[in-house]
Amino acid sequence: MRLKKLLLTHTANPTELAGKILILLAIGFGFFSRVVSVFQYNTFDVGFSPDQVRDANIYMQMWRGVWPSLGPASSIGGYNTLPLYYYLVFPFTIFGPEPVFQALPNALFSFLSIPFLIYLVYQLLENLTPAKRLFLAGLAGFWYSSLFVDIYLSTYEWNPSPIPFFLVCFALLYQFQLENNASTKLQILSWAAYGVVLAILASLHSSTMFVMPVVFIASSILFIAKNRKRSRQCLLPLISVISAIIGLLPYWKGEVSRGWVNTKEILLTVFNSNREVQAYTPWEKIGRILFNYAELGRQAYFLNASWLFTIIAVTFLFLVLILGSFKFRGNKTIFAFLAFTWLVYFYAASNHTGVYPIHFKMPILFSPIIFTVLSLAAFGTNSQPKTLVDNITIFSLLLGIVVSIGINLNMDYEYMSGKYGARRVITTQEMVEVLNQIPAGSTICDRNIRGWRKVNHPYRYLDKYITKKSFTIAAECQPGSYALHSKFYYQFLEDNLWPALKVAPTKPFSGNATLLWETPTTSVYRFQ
């Protein structure tokens with residue numbers, strides 16, 4: 001409420017004015033880069049294992065009464081995640097089978113995470129003056145809104161994308177429960193929502209499935225300890241347990257019929273991971289934790305493969321980690337909740353012996369932003385005159401933020417040029433328009449069919465549910481078959497920087513085929 005009043009008041013305070021401008025920029029840019037741009041949906045088919053096409057078929061089966069009891073298969077074990085992500089997305093398919101409506105909820109969740117993160121930071125910095133709180137909250141929000149990684153992941157349909165939004169909600173709900181003397185009805189609703197958010201977070205990815213139940217148990221114990229003299233209050237966490245169990249009913253129903261096979265696989269993965277890392281020394285585990293955090297620099301904040309930017313990224317991330325942690329002045333509930341969540345995540349991640357791709361790190365994606373604003377806030381709470389070292393540190397932090405935002409905005413521009421520029425990547429709507437011009441019953445060949453694309457092919461989905469022209473999709477191009485040749489595509493720069501990209505022209509089309517017609521994004525050929 002104080003933040004709302006502060007935003008609505010007119011003031012000549014330059015710090016407060018700058019904060020308001022940053023908040024408006026964050027919300028405006030966030031809305032365009034997520035919600036508006038998702039309608040130029042050109043990431044429906046990513047790689048040779050297109051999860052988006054697979055899930056699109058699942059949503060259409062849900063309209064036929066086939067309700068999923070398992071989520072996507074995990075890449076780190078022989079189990080499937082929990083299924084609630086499908087139930088989050090499914091209501092949006094009421095607008096139609098077009099794939100963009102399956103990506104829209106991710107875009108909305110990502111956009112909403114921006115004002116929620118701004119509010120979280122404002123609450124966190126409770127020891128600063130309102131103007132400084134507003135400025136740093138706005139800075140955090142704008143910085144987060146510019147992160148290319150979040151923009152990219154939130155503008156196509158993929159289950160890890162909503163994690164930051166629900167994690168912020170989880171933290172704010174706990175702060176409300178621990179610090180406010182609300183009415184009984186409001187407390188019950190809050191704890192019920194806490195359980196629902198827990199169930200959703202546990203369904204979005206393996207990282208949250210293993211981490212968030214631990215966080216919930218620890219937060220409930222702390223709440224009970226604080227309210228141990230009030231027996232009714234101590235029963236409130238049970239409401240979250242009940243609401244989480246109810247929210248996961250599709251999973252329990254499926255597990256009963258399967259003989260709890262998936263749950264056993266989840267437990268087996270936990271036990272096996274513990275055995276695999278028993279040979280690690282404590283220093284090796286600490287090294288994996290530090291590397292996991294430091295890698296955020298190259299993967300999200302300073303997207304550049306050069307050694308110079310690697311050094312800048314590592315230096316910046318550890319500088320803000322140290323300053324933000326040891327000079328912390330703010331809301332202890334929010335900081336302790338986030339810090340504990342991230343510590344549990346890092347411990348769980350240290351048991352993973354493989355690489356740490358960025359979608360594994362969605363629970364810690366905004367952690368450097370939090371540590372940075374806490375570092376800057378430490379200088380704002382000091383009434384003593386600032387020393388030369390203080391001024392150099394503040395300048396270095398602000399310079400790091402500006403460089404990070406600049407790098408991300410440059411990558412955002414490259415991504416958006418693939419949506420709106422002259423070198424556009426074909427969208428699903430344009431695919432449909434092209435397919436509608438091909439005679440019914442034709443064979444469409446795609447030389448890239450391999451792996452799961454044999455089953456989950458975008459043309460097959462679009463034809464089955466939208467064009468309905470009974471096309472045959474084949475890997476070999478025979479005489480009389482048609483081929484769609486995109487003129488441009490998103491070229492990913494390096495695996496360890498994924499999804500850093502640029503728009504690049506595709507290789508010239510080859511084969512004994514005649515060019516029939518062209519669109520701004522696609523050439524259509526027919527083989528002789």
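Between Leu296 and Pro368 there is a side-chain heavy-atom pair separated by less than 4.5 Å. A 4.5 Å side-chain heavy-atom check between Ile23 and Lys20 finds every atom pair outside the cut-off. For the pair Leu236/Gln187, a side-chain contact is recorded, criterion being any heavy-atom separation below 4.5 Å from C-beta on. Inter-residue side-chain proximity for Met212 and Val344 is flagged as unmet; no heavy-atom pair is nearer than 4.5 Å. By the 4.5 Å heavy-atom criterion applied to side chains, Ser207 and His359 are not counted as neighbours. Phe395 has its side chain out of reach of Leu398: every pair of non-hydrogen atoms, C-beta onward, lies at least 4.5 Å apart. In this structure, the side chains of Phe316 and Val403 stay at 4.5 Å or more apart for every pair of heavy atoms.
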For Ser350 and Arg288, what are the C-alpha separation, side-chain angles and deciding distance, and is it a side chain to side chain donor-acceptor pair (under 3.5 Å)?
CA-CA 6 Å; Ser350 71; Arg288 292 187 66 80; over 6 Å; no
Side chain to side chain contact (heavy atoms under 4.5 Å, CB included) between Ser146 and Asp412, worked out
CA-CA 7 Å; Ser146 74; Asp412 298 341; 4.3 Å; yes
Quick one, Leu290 with Phe346, criterion side chain to side chain contact (heavy atoms under 4.5 Å, CB included). Give me CA distance, side-chain angles, the key distance, then yes/no.
CA-CA 9 Å; Leu290 296 177; Phe346 282 121; over 6 Å; no
For Ser203 and Tyr85, run side chain to side chain donor-acceptor pair (under 3.5 Å): C-alpha distance rounded to whole Å, both residues' side-chain angles, the deciding distance at 0.1 Å, then the answer.
CA-CA 6 Å; Ser203 298; Tyr85 175 72; over 6 Å; no
Ring pair (Phe, Tyr, Trp, His ring centres under 6.0 Å) assessment of Trp143 paired with Tyr301
CA-CA 9 Å; Trp143 191 6; Tyr301 288 87; 5.5 Å; yes
Determine whether Phe223 and Trp191 satisfy the following criterion, ring pair (Phe, Tyr, Trp, His ring centres under 6.0 Å), listing intermediate values before the conclusion.
CA-CA 11 Å; Phe223 179 84; Trp191 281 98; 4.8 Å; yes
Derivation and outcome, side chain to side chain contact (heavy atoms under 4.5 Å, CB included), residues Leu173 and Ser190:
CA-CA 7 Å; Leu173 280 169; Ser190 174; 3.9 Å; yes
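Side chain of Lys361 to main chain of Asn292: a donor-acceptor pair is present (N/O by atom type, distance under 3.5 Å, no hydrogens or angles). For the pair Ser367 (side chain) and Ile364 (backbone), a donor-acceptor distance under 3.5 Å is present. Panel note: side chain Tyr41, backbone Leu104; no donor-acceptor pair is recorded below 3.5 Å. Thr81 places no side-chain N or O within 3.5 Å of a backbone atom of Ser206 that could act as its donor or acceptor partner. Side-chain N or O atoms of Asn80 include none that pairs as donor or acceptor with a backbone N or O of Leu70 at under 3.5 Å. Side chain of Asn408 to main chain of Ser404: a donor-acceptor pair is present (N/O by atom type, distance under 3.5 Å, no hydrogens or angles). Side-chain N or O atoms of Asn304 include one that pairs as donor or acceptor with a backbone N or O of Ser306 at under 3.5 Å. A donor-acceptor pair under 3.5 Å links the side-chain atoms of Lys226 to the main chain of Leu178, judged by distance alone. For the pair Asn227 (side chain) and Arg230 (backbone), a donor-acceptor distance under 3.5 Å is absent. Of the possible polar contacts, none joining the Thr263 side chain to the Trp260 backbone as a donor-acceptor pair under 3.5 Å is found.
Taking the ring centroids of Tyr194 and Phe216, they lie under the 6.0 Å cut-off. Aromatic ring centres of Phe111 and Phe165: separated by at least 6.0 Å. Tyr152 and Trp158 have their aromatic ring centers separated by at least 6.0 angstrom. The ring of Trp342 has its center no closer than 6.0 angstrom to the ring center of Tyr347. Outside the 6.0 Å centre-distance limit, the rings of Phe210 and Tyr345 are not counted as a close aromatic pair. With ring centers used as reference points, Tyr490 lies under 6.0 Å from Tyr415. Residues Phe360 and His205 place their aromatic rings such that the two centres sit under 6.0 Å apart. Not less than 6.0 angstrom separates the ring centroid of Phe44 from the ring centroid of Tyr156. The aromatic ring centroids of Phe90 and Tyr59 lie 6.0 Å or more from each other.
Between the side chains of Asn456 and Gln52, not a single donor N or O lies within less than 3.5 Å of an accepting N or O. Side-chain contact check for Thr155 and Arg34: no donor-acceptor pair (N or O, by modelled atom type) lies under 3.5 Å. Between the side chains of Asn262 and Tyr251, at least one donor N or O lies within less than 3.5 Å of an accepting N or O. In this structure, a donor-acceptor pair under 3.5 Å is absent between the side chains of Arg232 and Thr184. Side-chain N/O atoms of Glu179 and Thr333 include a donor and acceptor closer than 3.5 Å. Checked by atom type, the side-chain pair Tyr86/Gln102 shows no donor-acceptor distance below 3.5 Å. No side-chain donor from either of Asn106 and Ser154 sits under 3.5 Å from a side-chain acceptor of the other.
Evaluated for a side chain to side chain contact (heavy atoms under 4.5 Å, CB included) with Leu374, the options Leu124, Leu323, Val121 yield exactly one hit, Leu124.
Within a 6.0 Å sphere centred on CZ of Phe291, other residues, nucleotides and ligands contribute 12 heavy atoms or fewer. Around atom CZ of Phe116, no more than 12 heavy atoms belonging to other residues, nucleotides or ligands sit under 6.0 Å away.
The shortest heavy-atom contact between Pro68 and Pro83 is O-CB, 3.9 Å. Minimum interatomic distance between Leu125 and Ala377 (heavy atoms only, all atoms of both residues): CD2-CB, 3.8 Å. The two atoms that bring Ala313 and Gly297 nearest to each other are CB-CA, 3.7 Å, heavy atoms only. Considering every non-hydrogen atom in both Tyr174 and Ser219, the closest pair reads OH-O, 2.6 Å. Of all non-hydrogen atoms in Ala348 and Val211, the two that sit nearest each other are CB-CG2, 4.2 Å. A pairwise comparison of heavy atoms in Gly78 and Glu265 identifies O-CG, 3.6 Å as the closest pair.
The structure places CG of Leu198 at 10.0 Å from CD1 of Ile245, a figure rounded to the nearest 0.5 Å. Rounding to the nearest 0.5 angstrom, the gap separating the CG atom in Leu321 from the CD1 atom in Ile370 is 13.0 Å. Between the CG atom in Leu317 and the CD1 atom in Ile312 there is a gap of 12.0 Å [rounded to 0.5 Å]. One finds the CD1 atom of Ile151 at 7.5 Å from the OG atom of Ser37 (value rounded to the nearest 0.5 Å). For the atom pair Leu186 CG and Asn181 CG, the distance stands at 11.5 Å (nearest 0.5 Å). For the atom pair Ile200 CD1 and Phe170 CZ, the distance stands at 10.5 Å (nearest 0.5 Å).
Note on Arg133 versus Glu126: no salt bridge recorded, every NZ/NE/NH1/NH2 to OD/OE distance being 4.0 Å or above.
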